[in-house]
Engineer: 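Let me give you the structure first, and then I'll get to my questions.
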Amino acid sequence: MTLKLSNAQIAWRAAQDIADGAYVNLGIGFPEMVAQYQPPGRHAIFHTENGILNFGEAPEKGSEDWDLINAGKKAVGLKPGAAFFHHADSFAMVRGGHLDVAILGAYQVAENGDLANWSTGPKGVPAVGGAMDLVHGAKRVAVITDHVTKDGKPKLVKRCTLPLTGVGCVTRVYTSLAVIDIQDGHFVLREKLAALSLEDLQAQTGATLHLSGPIGDLVIPELSDD
Amino acid sequence: MTLKLSNAQIAWRAAQDIADGAYVNLGIGFPEMVAQYQPPGRHAIFHTENGILNFGEAPEKGSEDWDLINAGKKAVGLKPGAAFFHHADSFAMVRGGHLDVAILGAYQVAENGDLANWSTGPKGVPAVGGAMDLVHGAKRVAVITDHVTKDGKPKLVKRCTLPLTGVGCVTRVYTSLAVIDIQDGHFVLREKLAALSLEDLQAQTGATLHLSGPIGDLVIPELSDD
Amino acid sequence: MDKAFASLSGAVAGIEDGATVMIGGFGGSGAPIELTHAMIDRFLATGSPRNLTIVNNNAGNGHVGLAALIEHGMVKKLICSFPRSADPRVFTEKYLAREIELELVPQGTLAERIRAGGAGIPAFYTPTAYGTELANGKVIATFDGRYYVQERWLKADFALVKAHMGDRHGNLTYNKAARNFNPLMCMAAVVTIAQVSRLVEPGALDPEHIITPGIFVQGLVEVADPQQEELLNRAGAQYP
Amino acid sequence: MDKAFASLSGAVAGIEDGATVMIGGFGGSGAPIELTHAMIDRFLATGSPRNLTIVNNNAGNGHVGLAALIEHGMVKKLICSFPRSADPRVFTEKYLAREIELELVPQGTLAERIRAGGAGIPAFYTPTAYGTELANGKVIATFDGRYYVQERWLKADFALVKAHMGDRHGNLTYNKAARNFNPLMCMAAVVTIAQVSRLVEPGALDPEHIITPGIFVQGLVEVADPQQEELLNRAGAQYP
């Protein structure tokens, strides 16, 4: 019995909501896994903010072209119909509302849709990259994340305490325990692991989970996490 | 003895001040003549705001490509090193200060550098095109014009009475009688036709002509005006 | 993914009464005449679309393309920079009779407003038109001691553009100076429809040479031998 | 017209102490390493240029290129979006020791500010960073009921970029995703110097395929087999 989804499983669940032909930006790191789990017959077009549409798998190790990389600076390949463009055009796609969905990681998501995913506070070297741009403009901004932090604290909170990436921008959160929409300043529970009681889920969540219609079972195939 | 320069001669004089390799925009109509009179050995690169750098002469009649036109919607050709670009990039060149010189026609030029060249007043259909963009950004904005209107009124005036195209933008005026700089809110006479007295020139000018250094003779070869 | 329409009529079927429609081109160069005529066909058959707000650099020439659209009374308002042409009579008469509204915008400001619409920039400052009557009523600000005019983005419900090659993902190239406003308008409309001289499969265009990436295009239709407004007008054509 | 320099040293000879220099690239992709190293050579020989303000997406990686520039103490201030990399130690140590100033800018805002500098747009509004600490002290305005942050243009004295092909007029093409910030920086600097893998004669590049028109480029120099930062770092290189 699943107590908690693996990252691969969270990514799989998020991938099920991406329509055929959608234009999608996946945040650096964990969100990149979403690309692997497109349902058969669906082909999203992936955007990387450094200037490629419709990139794909990297070539074999040793034959990489280091001018052909994604936002995470990993080597990638191209699919038929790919296009290159400069950074201003790339962020015009982002800011101008042309992406269908952006899927990002999170430190905290608040019930008002605020997202904190760029800084854990004032120490060290701050670095923002495209995070603050990506939360604005995409028609749908979704987050994939563990439901709680490594030390068990809620990541879904009433108000973010970490520095914000964007205000009121997230509309859906895929966690290791549930799928939760953000509507009118509330968390609205859509799916949860069958074995988990609503009370247990609420106890691990930093703000009230609202109900609106039936709660689906969050059923995910077994997947290896690499 | 020349009483007044022809349009071709005014254009010739303006062309002498364009350096080799300069990026130049010539206004629609009369200013386009300037391109014909580049001194031997000098090659300016001409910009047309609809999206070409380094265009040249039109092909023969009947073999025009109507996708290859200039801002005046005349068919043109290309020189080696030409480039195409869209309108936003084209006006980035204009507004961003990348052109070395823009040469425009005028209804009126004022001693403070104001230019009126787009509208003769509220009647009829107003049309502005790129005139208001071109007067900003080019490193040097020059005007070529008859010294007076068809009915003998000064076109070089104290303050423009016609609707303005731009404020304080013109730095040199090439007229049918003289070459005049605009400096610190004054007309400064640089060259005039030898046969014309300073008094006669002043009488045909709507604001005081200042003197600063020697006045050159405006000597232009005979040119046909077609 | 296949964004291609089988017919011109299908391509323009979704344009509603009252829509704002950007039409590409600079004069006849890059003007999507066949798409424009398809709108007229639909209007003559069904009475729609009408009350359109059209964004174009010009106001039509002769009696084809945009001029024909205006002549048929489909246009309520025109946003343009230069409503003059070799034969501007159709627009001129309606304008002087107050049957059509005009918003006159400097050409570079028009281009930048459209780009801003596509890039999610709601407003920007430009030196263009400062101190002129075209800045009347606009916000003025100084930066580094110089005056600038605040301009707003321009967006549209539809953009109709003319491209040269297009693949089924909507990636486009253009022919020479026919590029002009077309790539910008693709960015600024909810739905962009491109007519292309050659429709090709994804992968047929070099990713380095694509001018409009497919994300900015929602539909395309092949018009193999598109007409040139200039030649139509020289032949005295009128549509239909 | 021939904008080509015969040597890298000649190409960077004009960069003065205290200059603002934009350096193209996203990480190593499109980074003009040879031009950057030519600046270091000159600094080691003459003590100039120093006190530079550098604009780049990142803050260097390992001990080559931008990282080496920082390591040699030539950089006073960095304007960037993401001062992290596989090996960011050079910047990190100087930053934590307060030996280098950092202006952190969201990546899309950085790109747009540079484009604005090139396009003569002194300021624009963006939704990016609204409500975050990166908007602190900035002008906020509402348009159509939504909040936006006012951002200013970014210009430079010099831009150093890496292109693929370049002709003697300065027309440039790029290689794949190495395009990134390079075409924007070309627009925003008083003097843009491009290193190109192949220098060709005017007319050799198809006017349809030119990404940066030559008007935005003041000098170029051929570097036939440019190094890739990624490979240098994997080999543990340091410069010089």
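Residue numbering restarts at 1 for every chain, and letters A, B, ... go by the order of the sequence lines. Keep in mind that this is a model prediction, so the values were computed, not measured.
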Engineer: Less than 4.5 Å to any heavy atom of chain C: does that hold for the side chain of A:His43, its backbone, both, or neither?
Structural biologist: neither

Engineer: Looking at C:Tyr147, I'd like to know if its OH atom is crowded, meaning that more than 12 non-hydrogen atoms belonging to other residues, nucleotides or ligands lie closer than 6.0 Å.
Structural biologist: no

Engineer: Check whether more than 12 heavy atoms from other residues, nucleotides or ligands sit under 6.0 Å from atom CZ of C:Arg198, and answer yes or no.
Structural biologist: no

Engineer: Using a cut-off of under 4.5 Å for heavy-atom pairs, which of C:Gly118, C:Ala204, C:Gly117 has the most such pairs with chain A?
Structural biologist: C:Gly118

Engineer: How far apart are the C-alpha atoms of A:Asp20 and C:Met1, what are their side-chain angles, what is the distance that settles it, and do they pass the side-chain contact (heavy atoms from CB on, under 4.5 Å) test?
Structural biologist: CA-CA 8 Å; A:Asp20 185 40; C:Met1 176 183 274; 5.7 Å; no

Engineer: Please report the closest heavy-atom contact between C:His169 and A:Tyr23, naming both atoms and the distance.
Structural biologist: O-OH, 3.7 Å

Engineer: Taking side chain as everything from C-beta outward and backbone as N, CA, C, O, which of these in C:Lys3 sits under 4.5 Å from a heavy atom of chain A? Side chain, backbone, both or neither.
Structural biologist: side chain

Engineer: Measure distances from C:Arg115 to the heavy atoms of chain A and classify the residue's part below 4.5 Å as side chain, backbone, both or neither.
Structural biologist: side chain

Engineer: Just checking A:Gln183: does its CD atom have more than 12 heavy atoms from other residues, nucleotides or ligands closer to it than 6.0 angstrom?
Structural biologist: yes

Engineer: Does A:His98 reach the main-chain N or O of C:Met187 with its side chain, forming a donor-acceptor pair under 3.5 Å?
Structural biologist: yes

Engineer: Taking C:Asn171 for the side chain and A:Gly81 for the main chain, is one N or O donor matched with an acceptor at less than 3.5 Å?
Structural biologist: yes

Engineer: Tell me if the CG atom of A:Asp184 is crowded by more than 12 foreign heavy atoms within 6.0 Å.
Structural biologist: no

Engineer: Look at atom CD of A:Gln16 and say whether more than 12 heavy atoms of other residues, nucleotides or ligands are closer to it than 6.0 Å.
Structural biologist: yes

Engineer: Please determine which of A:Asn54, A:Leu78, A:Leu68, A:Ile52 meets the side-chain contact (heavy atoms from CB on, under 4.5 Å) test together with C:Pro207.
Structural biologist: A:Leu78

Engineer: For C:Ile215 and A:Leu99, what are the C-alpha separation, side-chain angles and deciding distance, and is it a side-chain contact (heavy atoms from CB on, under 4.5 Å)?
Structural biologist: CA-CA 8 Å; C:Ile215 193 171; A:Leu99 293 169; 3.9 Å; yes

Engineer: Has the side chain of A:Arg95 got a donor or acceptor atom that lies under 3.5 Å from a matching backbone atom of C:Ala119?
Structural biologist: yes

Engineer: For a quick test of reading the model, state the closest non-hydrogen atom pair linking C:Pro213 to A:Leu53 and the distance between them.
Structural biologist: CB-CD1, 3.7 Å

